[in-house]
Protein chains: 2
Amino acid sequence: MSLATAFGSAEESPGLLLWQVTNRWQAAQRAALRPFGLTHVQFVLLASLTYLQASDSPVTQRRLADHAATDPMMTSQVLRALESRGLLTRHPHPGDARARALAVTPEGRDVANRAVGAVESCDAAFFSALGPETPAFTAALRTLRNGCAASSG
Amino acid sequence: MSLATAFGSAEESPGLLLWQVTNRWQAAQRAALRPFGLTHVQFVLLASLTYLQASDSPVTQRRLADHAATDPMMTSQVLRALESRGLLTRHPHPGDARARALAVTPEGRDVANRAVGAVESCDAAFFSALGPETPAFTAALRTLRNGCAASSG
DNA sequence: CGCCTTTAGTATGCGCGCATACTATCGGGC
DNA sequence: GCCCGATAGTATGCGCGCATACTAAAGGCG
């Protein structure tokens, strides 16, 4: 029976393993980011915004969501939460009344920089079990991500 | 700045890639399971229960949750939803008044068997981009899963 | 100008994933 | 028998991830 081989022991399906590993990784991220009062998505958006803000044009929510590969709906909600905490501002966009120009506050930049260290340590510990296979694993993930993007768009 | 290298382009962090790939995989699973009226977790629990039921002792929610590596709280909620759809039963456990003895109904077994085909096709298409690297990728995932289990318990 | 299509952002709702806390029962010790 | 820690299962609540649908504004076109 295919049930037993594919989903009985949960050892044969790469998808199930992917799901379980990601759940564990998110739990580790949660623990690492708890001291900063940030969730995983809040951190990703804050760090991505800090990076994108180095460019010239104002950063809109749409651009940030595209860059971080997050849902626009959730991005909106998370950004409002970050704004209420004073970590970023959402001023009106100078050239587009629909859009909002995002900007990290000094406090937000400080929190992001400190959180990066914790997240990097967390990530390094999590993937340390792979050892020298880590680059190959990362390359495989990148392949899957690009393959998904190709099939869905 | 570490922000740029680690989280700016979202290309260097295996954790971020893992998260994004899993989101895409779950979206594919959702689409594949939609014709059966099942979510991903509902399918995993139903298929795992179908497998576990081949053993002698009654299957409790605890045993199913441990086997599928799902949260007991969510397991309880999902199982009640599956029971209300007539895909499984939750009789009292004969030897333990606290526990419940889970049993797949014939309809549930039929749905599970048909859904397995769709999920396997979905999984095969999703990981086809890896080609011959798939076993190495699966082995890496298994290593990470075992590493997490060791560090968390 | 008015009309139409596209886009930025948001309201609402559902299910996942988990933290916290609680009830009810089991099992061991006295 | 009784007490007590451990266990099975559940209630409640928060944030993620996304589907659907909506408002408001931009941009093309006559």
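Here the structure is a predicted model, which means the values were calculated and not measured. Here is how names work: the chains are called A, B, and so on, in the same order as the sequence lines, proteins then strands, and each is numbered from 1.
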Original post:
Applying the side-chain contact (heavy atoms from CB on, under 4.5 Å) test to A/T22, which of A/Q26, A/R24, A/Q20 qualifies?
Top reply: A/Q26

Subject >> 5′-ward residue of the pair A/P72/A/N23 relative to DNA chain C >> reply: A/P72

Original post:
For A/R63, which contact category applies under a 4.0 Å heavy-atom criterion: base, sugar-phosphate, or nothing?
Top reply: nothing

**OP:** Using a heavy-atom cut-off of under 4.0 Å over every strand shown, decide if A/T60 touches base, sugar-phosphate, or nothing.
**Re:** sugar-phosphate

Subject >> Sugar-phosphate only, base, or nothing, as touched by A/R80 at under 4.0 Å among non-hydrogen atoms >> reply: sugar-phosphate

Original post:
For DNA chain C, whose closest nucleotide is more 5', that of A/T75 or that of A/R34?
Top reply: A/T75

Subject >> A/S76 and A/R80 side chains, donor-acceptor separation under 3.5 Å >> reply: yes

Original post:
With B/L64, which of B/V78, B/V44, B/L46, B/L52 fulfils side-chain contact (heavy atoms from CB on, under 4.5 Å)?
Top reply: B/L52

Subject >> Separation between OG1 of A/T70 and CD of A/Q61, rounded to the nearest 0.5 Å >> reply: 10.0 Å

Subject >> A/V41 vs A/T75 side-chain heavy atoms within contact, under 4.5 Å >> reply: no

**OP:** Take the protein atom CE of A/M73 and the nucleotide atom C1' of D/dT23, then report the distance between them rounded to whole Å.
**Re:** 13 Å

**OP:** List the steps, then state whether side chain to side chain contact (heavy atoms under 4.5 Å, CB included) holds for A/L18 with B/F137.
**Re:** CA-CA 10 Å; A/L18 185 68; B/F137 181 73; 4.3 Å; yes

Original post:
Which residue lies toward the 5' end of DNA chain D, A/Q26 or B/D96, if each is placed at its nearest nucleotide?
Top reply: B/D96

Original post:
Taking for each residue the nucleotide of DNA chain D bearing the nearest heavy atom, is the 5' side occupied by B/Q77 or by A/D71?
Top reply: B/Q77

**OP:** Round to a whole Å and report the spacing from NE2 of B/H93 to C1' of D/dG9.
**Re:** 13 Å

Subject >> Distance below 4.0 Å between B/R62 side-chain N/O and D/dA8 OP1 or OP2 >> reply: yes

Subject >> Interface limits on DNA chain C, where chain A has a heavy atom under 4.0 Å of a nucleotide atom >> reply: C/dT7 to C/dC18

